[in-house]
Amino acid sequence: MRNKEIAELFNQIADALEFKNENFFKVLAYRKAARVLEELVDDVAELDRTGKLMELPGIGRAIAEKIAEYLATGRMKKYEEVTKDIPASLLELLNIQNIGPKTLALAYKELSVKTIADMKKAIASGRLKELPMMGEKKAENILKGIELYERSHERLAINIAEEVAARVVAYLKQNALVSNVSAAGSLRRWKETIGDIDILATGKDGKKIIGIFTRYPETREVAAAGDTKGSIVVDEGVQVDLRIVDEKSYGAALQYFTGSKEHNVKLRAIAAAKGLKLNEYGLYRGKKFVAGKTEEEIYRYLGLAWIEPELREDRGEIEAALKNKLPRLVEMKDIRGDLQMHSTYSDSEATIEELAAEAQKLDYEYILLTDHSQSARYAHGMEPARLYRQWREIERLNKKFEGFQILKGIEVDILKDGKIDYPDQILKEFDLVIGSIHQGFTKNVTERVSAAMENPYVDIIGHPTGRLISSREGYVIDLNKVMEKAAATGTWLECNAYPDRLDLNDVNLKKAREMGIKISIGTDAHGVPELRWFKFGLETCRRGWLEAREVVNTYPWEKLRLLRKSAQ
DNA sequence: GCCGTTTTCGGCCCGACTGTTTTCAGTCG
């Protein structure tokens, strides 16, 4: 699939056009097309073949033709044209805070700045600050931007961002001047990675509150501090923004700062069509304030049901809300158990007993213990003798519990030849079996996973794409074929809740849902504290529009066992 | 460049903050 490759080209065209000070909306159009391709589950080449490219939102005639051109010839004239007089290293600088297209163009034209190193030199030599509209402070801020970029230009993992935000929110809540403190932005939407952390609060004395905020003990640097808005960089190297609004604007501001940008653009268009104006202070008819204290009243006034933050990505949620057809998203209270975890029997720190004790604290009815199978030597996979020992321990422990049980599971390797790591007579003894790829990431993965799904005892495919958010692309796999096979065989696909995996991801889950595939959530915990990461899987499922009945963890075990394909 | 309950042209996001300037340009979200 070349979706990502083409998306990257469009992003670069957008950067180049921005640098050249082209029409801002044209830049946006390319960025939108890039985003649509990045999130596309289908193969862009297939859509091109069947003439369906222009059915995608944000893809019109001109962009469809460029995609077709690139697929046919491996080249895109537009891309070559707009980038030919720009050094390849230059556009990277646009990602640095306080460097925008104007500053960059000026530094390039006057001082031949082409790289980050050039920019540092231009600042050190004092030449940058001599340019028009530049100055001491401006140069200093660019230098800070470069430092931040070099330290951590990667997005923050959701679990880290959530922790940082929770600490800042708790700090602000201690202060009597502040009320209604809440995280907004991509964190409130539970996006899998977070750029910076947005926090919203209400209070009378904005300036004072911003002052308190900038004295947060973990502040490394204060990037801005005004009457209603402040920005700090905390020790993790992440930027935290705080906005202060009036009580009566709280809902409007929460809506506005939760985003996504694309969702908000569409919402404002709906407002405009009704002769209204929506901004972070409220919904207005002319100068008259008509709504804004809560999000609900804003959506209601626009003729929409309130939309869960996780859905606000402009992936059809506004259309669904207009028709009153929003999904009833699965919630934590629907969940009865965790369906993947490891113990000391393979490669984990936690004993079975410790995992069970923690699971009961979490009010689960069951957990599925899924240690590795024998060929996973790197993970101390279990040969049959150790497996039988584990079963006896599970049986012994289960006698002690009431209203809780440990299910006998396994994360079995799908081998390089597509075979499963245990024979069927062992497999059928498990309560549930997860089949996963842990070896041969580039070798016939689609065929091997498909073959595994033909096995009546393989109930779940674990982390189906194998991606690691921080470090690995994932297997070479045709997910469309895998989903078709999953739907045909009644195999469930996993949403692995491990924060670096979140696999399947939101857009793939939404696609799976549309195909009628059931989803299982597992933390893949390798230690007791990691059982608390379940929420990241749950939230990813919510971003994939999943309802409780579509997530198998919501069924009591008596019902769940009957959903297995071997019981059908 | 896209899009259409304002429909084939004209609108599409605009307000806060900073730093440069001396009334506003650039950047960010």
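As the structure is a prediction and not an experimental result, all values here were calculated from the model. Letters go in sequence order (proteins before strands), and every chain restarts at 1.
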Next item on the list: Assign A:I210 to base, sugar-phosphate, or nothing according to its heavy-atom contacts below 4.0 angstrom with the strands shown.
Entry: nothing
Note to self: Counting the atoms with a prime plus P, OP1 and OP2 as sugar-phosphate, which does A:Y30 contact under 4.0 Å by heavy atoms, base, sugar-phosphate, or nothing?
What the structure shows: sugar-phosphate
Notebook entry, point to check: Between B:dG15 and B:dT22, how far is it from one P atom to the other, in whole Å?
Noted result: 26 Å
Next item on the list: Decide, yes or no, whether a salt bridge links A:E130 with A:R127 under the criterion of side-chain N to carboxylate O below 4.0 Å.
Entry: no
Notebook entry, point to check: Does A:E5 come within less than 4.0 Å of A:R2, counting only side-chain N to carboxylate O?
Noted result: yes
Next item on the list: Taking atom C1' in both B:dC13 and B:dC28, compute the distance separating them and give it to the nearest angstrom.
Entry: 13 Å
Item checked: P gap between B:dT6 and B:dC2, integer Å -> 22 Å
Checklist line | Charged N-O contact under 4.0 Å between A:E46 and A:R49 | finding: yes
Margin query: Quick one, A:R220 and A:E236 - any side-chain contact, counting heavy atoms below 4.5 Å?
Written below: no
Notebook entry, point to check: Earliest and latest nucleotide of DNA chain B, 5' to 3', sitting under 4.0 Å from a non-hydrogen atom of chain A?
Noted result: B:dG1 to B:dG29
Margin query: Say we look at B:dT7 and B:dC12: how far apart would their P atoms be, to the nearest angstrom?
Written below: 14 Å
Margin query: Suppose you measure atom C1' in B:dG1 against the same atom in B:dT8; what distance do you get, rounded to whole Å?
Written below: 14 Å
Margin query: Tell me which residues in residues 5-27 of chain A lie within less than 4.0 Å of DNA chain B, going by non-hydrogen atoms.
Written below: A:N23, A:F24, A:F25, A:K26
Next item on the list: Return the residues of residues 266-275 of chain A meeting this criterion: a heavy atom under 4.0 Å from some atom of DNA chain B. Order them by number, or give none.
Entry: A:R268, A:A272, A:A273
Next item on the list: Look at the side chain of A:K191 and the backbone N and O of A:I158, then say whether any donor-acceptor pair between them is shorter than 3.5 Å.
Entry: no
Note to self: Is the shortest side-chain heavy-atom distance between A:R543 and A:E539 below 4.5 Å?
What the structure shows: no
Notebook entry, point to check: Given the P atoms of B:dG26 and B:dT20, what is the spacing between them in whole Å?
Noted result: 13 Å
Notebook entry, point to check: Want to settle it: does A:I63 or A:N98 sit nearer the 5' end of DNA chain B, counting the closest nucleotide to each?
Noted result: A:I63
Item checked: Sugar-phosphate, base or nothing in reach of A:N264, heavy atoms under 4.0 Å -> nothing
Check: Cationic tip of A:K248 within the cone over A:F289's six-membered ring, i.e. under 6.0 Å and within 45° of the normal?
Finding: yes
Notebook entry, point to check: What does B:dT8 pair with, Watson-Crick or G-U, if both distances are under 3.5 Å?
Noted result: none
Next item on the list: Using a 4.0 Å heavy-atom cut-off across all strands, classify A:L28 as base, sugar-phosphate, or nothing.
Entry: nothing
Notebook entry, point to check: By a strict heavy-atom criterion of less than 4.0 Å, which residues belonging to residues 112-135 of chain A are in contact with DNA chain B?
Noted result: A:M133, A:M134, A:G135
Item checked: Electrostatic pair A:E136-A:K129, nearest N-O below 4.0 angstrom -> yes
Margin query: What's the gap between B:dC9 and B:dA25 when it is taken at their P atoms, as a whole Å value?
Written below: 33 Å
Next item on the list: Have a look at A:T103 and say if it touches a base, only the backbone sugar-phosphate, or nothing, with a 4.0 Å heavy-atom cut-off.
Entry: sugar-phosphate
Next item on the list: Report the C-alpha separation of A:D500 and A:R467 in whole Å, then their side-chain angles, then the decisive distance to 0.1 Å, and conclude whether the salt bridge (charged side-chain N to carboxylate O under 4.0 Å, His left out) test is met.
Entry: CA-CA 8 Å; A:D500 201 26; A:R467 64 104 177 240; over 6 Å; no
Next item on the list: Check the side chains of A:N3 and A:E39 for a donor-acceptor pair under 3.5 angstrom, ignoring hydrogens and angles.
Entry: no
Notebook entry, point to check: Do A:Y149 and A:Q97 have side-chain N/O donor and acceptor atoms under 3.5 Å apart?
Noted result: no
Next item on the list: Only counting residues at least two apart or in another chain, list the ones meeting salt bridge (charged side-chain N to carboxylate O under 4.0 Å, His left out) with A:D205.
Entry: none
Note to self: By nearest heavy atom, map A:E280 and A:A223 onto DNA chain B; which one lands nearer the 5' end?
What the structure shows: A:E280
Checklist line | Whether A:F536 and A:W190 hold their rings parallel, tilted or perpendicular, with breakpoints at 30° and 60° | finding: tilted
Margin query: Looking only at the side chains, is there a donor atom on one of A:D506 and A:T540 sitting less than 3.5 Å from an acceptor on the other?
Written below: no
Next item on the list: Go through the structure and list residues passing ring pair (Phe, Tyr, Trp, His ring centres under 6.0 Å) with A:Y70, not counting sequence neighbours.
Entry: none
